[in-house]
Amino acid sequence: MTLRDGSRRELPQGATIRDLAQSIGKRLGEATVGGRIDGAPEILDFRTQLSRNCSVDVVTADSKDGLEVIRHSASHIMADAMLRLWPDAKLAIGPAIEDGFYYDIDLAHRITPEDLPRIEEEMAKIIAANTAFERCRVDRNAEIGRARERADVYKAELMEGLPEDAEVTFYRHGGGSFEDLCRGPHVPSTGYVKAFKVQRIAGAYWRGDEKNRMLQRIYGTAFFNKKELEEHLARIEEAGKRDHRKLGRELGLFFLDPVAPASPFFLPKGTQLYNRLQQHMRELYRRHGYQEVITPQVFDVELWHRSGHYANYKDNMFFTTVDERECAVKPMNCPAHTFIYATEKRSYRELPLRIADFGRLHRYERSGVTSGLTRVRTFCQDDAHIFATPDQIQSEITSLIGMIREVYGLFQFTEMKVFLSTRPENSVGSDEIWERAEAGLAEALKANGINFTVNVGDGAFYGPKIDFVVSDALRRDWQLGTIQLDFTLPERFDLGFVAADGSTQRPVMIHRAILGSIERFIGILIEHTGGNFPFWLAPEQVRIISIADAHVAWATEVASALAAAGVRTNTDFSNAKTGAKIRDARLARVPFTLVVGGRECEDRTVAVRERPDVDRGVMSLSAVQELFLELERNKA
RNA sequence: GCCGACGUAGCUCAGCGGUAGAGCAGCGGUUUCGUAAACCGCAGGUCGCGGGUUCAAUUCCCGCCGUCGGCUCCA
């Protein structure tokens, strides 16, 4: 066998992954929970027999892959615990997921939060017993019969979904007291699950289909050790503190009200942030050859029939009747931009034509899916449509990737994942057009040296897309930017340009957004920064605090000078104690606090304090002005 | 939309079949203070909305609306 590090080992015929690990060291043997053979993606059971001349990656409990095995085993243990508490429960599925695991069960008893500690107690007993996870091959048809007899419909259905000749395996623990249909792998024994928590209850449809019965889903998580579990739980708690809905209220940025469900009201501070972001994008547009337009809000429904939105998107649209004409509020800007394009006969010399629009969009979202700023019914995107010749696609996408990297870097989103989404079921356009578009995007990504994952069937109805997903400070993923290629709308709206040879040709449309929606981006930014926006974005950049009434005159002079220089300044001349005013400024996440007391009045200076807790010492008025202008210039 | 939980003062939360409470914020006053909360007082609520049960409902039941956690969907 060959090991990951390239070393080779000889083992007797029939040796398993674990034997191999044992032969290297006793501790490695014990830590082994599975393995990979010949670089295959699946993790195999540690009992898997090795064939001759294979290469093996040993998966140990403390690795990332091992964690997946631990979590999967924890989900079995949780299922066992629930069956002990409610013997009539029917098990559906229980996989390991990103941050833990879940198990879907069908149970007459409504599980309540009070039940969770009971489930944990049962699980602890099962783990303390430390019984082996045994793997057994079973006869598919016999097991389907057995499951049907017990009315174990979910397992029966799962097995029926497997091919006739599939190898069907069960995993047992507790000496056979619990068994479950499962491909595995699992840890050697229940005692390997050393740190777990049962977290919450949710509803979930069987097989994710809302036509099916709703099951009860119990979420939990497990880690290699207690310390990692604690860290994870602490991160969840920190995320709760940074929740943009909570900070949005505390910082006076925005609020929501039932009079307009899922439609945020932006307060003056939130609006400042909103406008500053837009202003930044406009600066970027100026450098990249974009032209901004303003387009209507409500259109005759005929437009949406023509664009394909009515057929493919009407469930997400708002309709209204005006002068007996049926109209729809725009959910996207693209059809309007085809009209902008078509106002003139276009020459190839004008292309690429880049049309940007901060138009307000409305999309009807089902009541259960809306959330804070991240999923709303009215929003605006940093939207633009690029009308280009087919051979300009590559260079436009390359330039877009550059813009995207620049913008995300500015907000310190350092990790970026890229997804290429292909043709969905509901779509318009010919196979040939789709193939060309998908290949075009893939090529452009490759040309830019970008690693990407393909999401089959996840494209927009008019074209394939590239999505850009960033990781925030708490390692949560958010989709921001998108680039969508569209050969269909230009056809539907019969757009053309005159080529160099005098022939009329069809342009391609590139739909693109970098921040995504401004609303959602603000929500993400609040959580990413915990409300500590960079100086250039902060709604209130500086707060000036007087120590006593005698200092108000000089403090006012400082405030006026800064305000005149364009710095967003507030004053706190209330009769509270200095400590209390400092505290208020901190809680408001104001980047700079200038304290003015007797000494400062005398020297005509200010005492500068920078968030989070840096004393910048005493500075002259001109020095702080220079500092702030510098920060603004550098977008720091 | 579906499953579950929740909805009490501007905010965070307590209470509970018998006239609704705290802290913070707000307002008035005292204090003029040097880097994370001075002190005293006042005011603030048809207990989400509608119906039902009851002598009596914020409390129990039903419906609706909204919020939260998920499912599905998605910028």
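Per chain, numbering begins at 1; letters A, B, ... match sequence-line order.
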Who is the Watson-Crick or G-U wobble partner of B:U53, with both distances under 3.5 Å? none
Tell me which one of A:F411, A:W478, A:Y274 satisfies ring-ring contact (aromatic ring centres under 6.0 Å, His included) with A:F521. A:F411
Protein-proximity profile, nucleotides 44-49 of chain B, B/S/- by nucleotide at the 4.0 Å heavy-atom cutoff, equals ------
B:G1 phosphate, OP1 or OP2, under 4.0 Å from A:Y364 side-chain N/O: yes
Pair A:H309 and A:F461, ring centroids less than 6.0 Å apart: yes
Near RNA chain B, which residues from residues 243-259 of chain A have a heavy atom under 4.0 Å away? A:R245, A:R249, A:P258
Ring centres of A:F592 and A:F628 under 6.0 Å apart? yes
Testing the 3.5 Å rule here: is there a donor-acceptor pair between the side chains of A:E425 and A:S427? no
For residues 592-610 of chain A, the salt bridge (Lys or Arg N to Asp or Glu O under 4.0 Å) pairs (sequence neighbours left out) are A:E557-A:R604, A:R609-A:D613, A:E610-A:R616
Could a donor-acceptor pair under 3.5 angstrom be found where the side chain of A:E365 meets the base of B:A75? yes
Pairing partner of B:G26 (Watson-Crick or G-U wobble, both distances under 3.5 Å): B:C42
Take the protein atom CH2 of A:W206 and the nucleotide atom P of B:C3, then report the distance between them rounded to whole Å. 19 Å
Strictly by Watson-Crick or wobble contacts shorter than 3.5 Å, is anything paired with B:C64, and which nucleotide is it? B:G48
A:Y219-B:G70 aromatic stacking (under 5.5 Å, under 30°): no
Strictly under 6.0 Å, is that where the ring centroids of A:F468 and A:F419 end up? no
Salt bridge A:E292-A:R282, side-chain N to carboxylate O under 4.0 Å: yes
I want to know whether A:H511 and A:Y462 have ring centres closer than 6.0 Å. yes
Rounded to the nearest 0.5 Å, what separates atom CE in A:M332 from atom CZ in A:R363? 4.5 Å
With a 4.0 Å limit, can you tell me whether A:R583 has a side-chain N or O closer than that to the phosphate oxygens OP1/OP2 of B:A37? no
Between B:G17 and B:C13, how many Å separate the two P atoms, rounded to a whole number? 22 Å
